[in-house]
Amino acid sequence: MKIATWNINSLRLRLPLLKELINETQADVICLQETKVPDPLFPFEDIIKLGYPHYYFKGMKSYNGVAIISKHELIHVADTPDWCGRLDCRHIAAQLKTASGPITIHNFYVPAGGDIPDAETNPKFAHKLAFIEEATAWFEKNQPKRSILVGDLNTAPLEHDVWSHKQLLKVVCHTPPETERHNQWEKQGFLDAMRLIYPEPQKLYTWWSYRNRDWKKSNRGRRLDHIWISNDLKENLQAIEILAHARDWAPPSDHVPVIAELTL
DNA sequence: ATGGTCGTCTAACGA
């Protein structure tokens with residue numbers, strides 16, 4: 001079973017690239033973030049034509065938005081929290097039917113946190129920290145079993161998840177208040193699947209800024225997108241693929257897809 | 001040290 005996660009940065013604009021992802025990977029399940037499409041405008045007919053007749057989505061105008069599309073039957077998981085009480089479409093969950101039984105899939109789009117890493121003066125940073133704390137508390141109470149958590153978590157937790165650990169320690173996404181909370185969240189029953197396959201000190205990036213003239217040449221990347229598996233799925237993990245060349249698809253998202261393969 | 005670029009009900013906001 002192949003499960004992909006991708007911050008697509010507008011589903012409607014990049015539908016042709018979603019097709020490209022499908023052609024290349026034949027992923028069974030694709031979790032999308034920043035779909036930027038209100039629910040009444042979700043392009044479900046296109047998604048069905050692409051071979052994904054099972055889907056759940058939660059979107060709004062202009063901002064945020066998440067979707068799970070699947071070749072196999074999904075059951076919606078409805079009783080999930082409204083994080084930070086904002087109704088802002090940053091999480092959706094579904095149960096995937098597999099030969100070995102149901103698997104719960106969580107798809108998250110964690111707040112980016114703004115520019116200044118100070119919760120006192122920057123409400124966006126405070127929101128990010130509060131969001132991660134709420135998620136940590138929820139999974140502490142609801143210990144994940146046969147679960148996969150994916151998404152744009154907007155934190156690069158490890159030294160080799162950024163192009164320069166030293167230079168990014170004061171940059172939002174890699175500051176200690178974020179990485180400590182991120183790691184505490186992961187510890188609520190999850191394993192970092194990407195690092196199980198590609199341990200440190202290998203550099204791993206899933207995002208390259210639009211603001212670099214040549215993303216490949218400067219290679220100032222960050223690992224902001226993640227795939228976590230619950231502890232009980234450790235032996236099921238077969239492979240991880242980071243589709244770095246997708247950064248050159250036109251018009252590119254600033255994030256690239258990550259795909260996990262599991263025997264399920 | 002600064003500014004650099006995208007996407008969105010084309011305007012300023014969020015990333």
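Below, all heavy atoms of this structure are taken into account, side chains as well, without hydrogens, waters or symmetry copies. Here is the naming used below: chain letters follow the sequence lines, and residue numbers restart at 1 for every chain.
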Give a yes/no on whether any side-chain N or O of [X] is located under 4.0 angstrom from OP1 or OP2 of [N].
X: A:Arg12; N: B:dC9; answer: yes
X: A:Lys124; N: B:dG14; answer: yes
X: A:Ser209; N: B:dA15; answer: no

Interatomic distance, [X] [atom1] vs [N] [atom2] [rounded to whole Å]:
X: A:Asn9; N: B:dC13; atom1: CG; atom2: C1'; answer: 14 Å
X: A:Asp115; N: B:dA15; atom1: CG; atom2: C1'; answer: 9 Å
X: A:Tyr109; N: B:dG7; atom1: OH; atom2: C1'; answer: 11 Å
X: A:Glu34; N: B:dG7; atom1: CD; atom2: P; answer: 11 Å
X: A:Leu17; N: B:dC6; atom1: CG; atom2: C1'; answer: 14 Å
X: A:Arg211; N: B:dC6; atom1: CZ; atom2: P; answer: 11 Å
X: A:His174; N: B:dA15; atom1: NE2; atom2: C1'; answer: 19 Å
X: A:Asp88; N: B:dC13; atom1: CG; atom2: P; answer: 18 Å

Contact nearer the 5' end of DNA chain B, comparing A:Asp152 with A:Ser62: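 First, find each residue's nearest nucleotide; the 5'-ward one identifies A:Ser62.
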Whichever of A:Pro111 and A:Arg220 has its nearest DNA chain B nucleotide further upstream toward 5':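 On the 5' side of the pair lies A:Arg220.
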If we take the [atom1] atom in both [N] and [M], what is their distance in whole Å?
N: B:dC6; M: B:dT2; atom1: P; result: 23 Å
N: B:dG14; M: B:dA1; atom1: C1'; result: 24 Å
N: B:dT5; M: B:dC9; atom1: P; result: 22 Å

Pair A:Lys19-A:Asp46, salt bridge (Lys or Arg N to Asp or Glu O under 4.0 Å): steps then yes or no: CA-CA 10 Å; A:Lys19 185 172 184 176; A:Asp46 298 285; over 6 Å; no
Salt bridge A:Glu73-A:Lys97, side-chain N to carboxylate O under 4.0 Å: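 A salt bridge links A:Glu73 with A:Lys97.
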Sugar-phosphate only, base, or nothing, as touched by A:Arg222 at under 4.0 Å among non-hydrogen atoms: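 Touches nothing.
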Close side-chain approach of A:Met1 to A:Thr98, heavy-atom, < 4.5 Å: yes
Residue pair A:Gln95 / A:Val77, side-chain heavy-atom distance below 4.5 Å: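 Side-chain contact under 4.5 Å: yes.
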Plane angle bin for A:Phe139 and A:Trp83 - parallel if under 30°, tilted between 30 and 60°, otherwise perpendicular: parallel
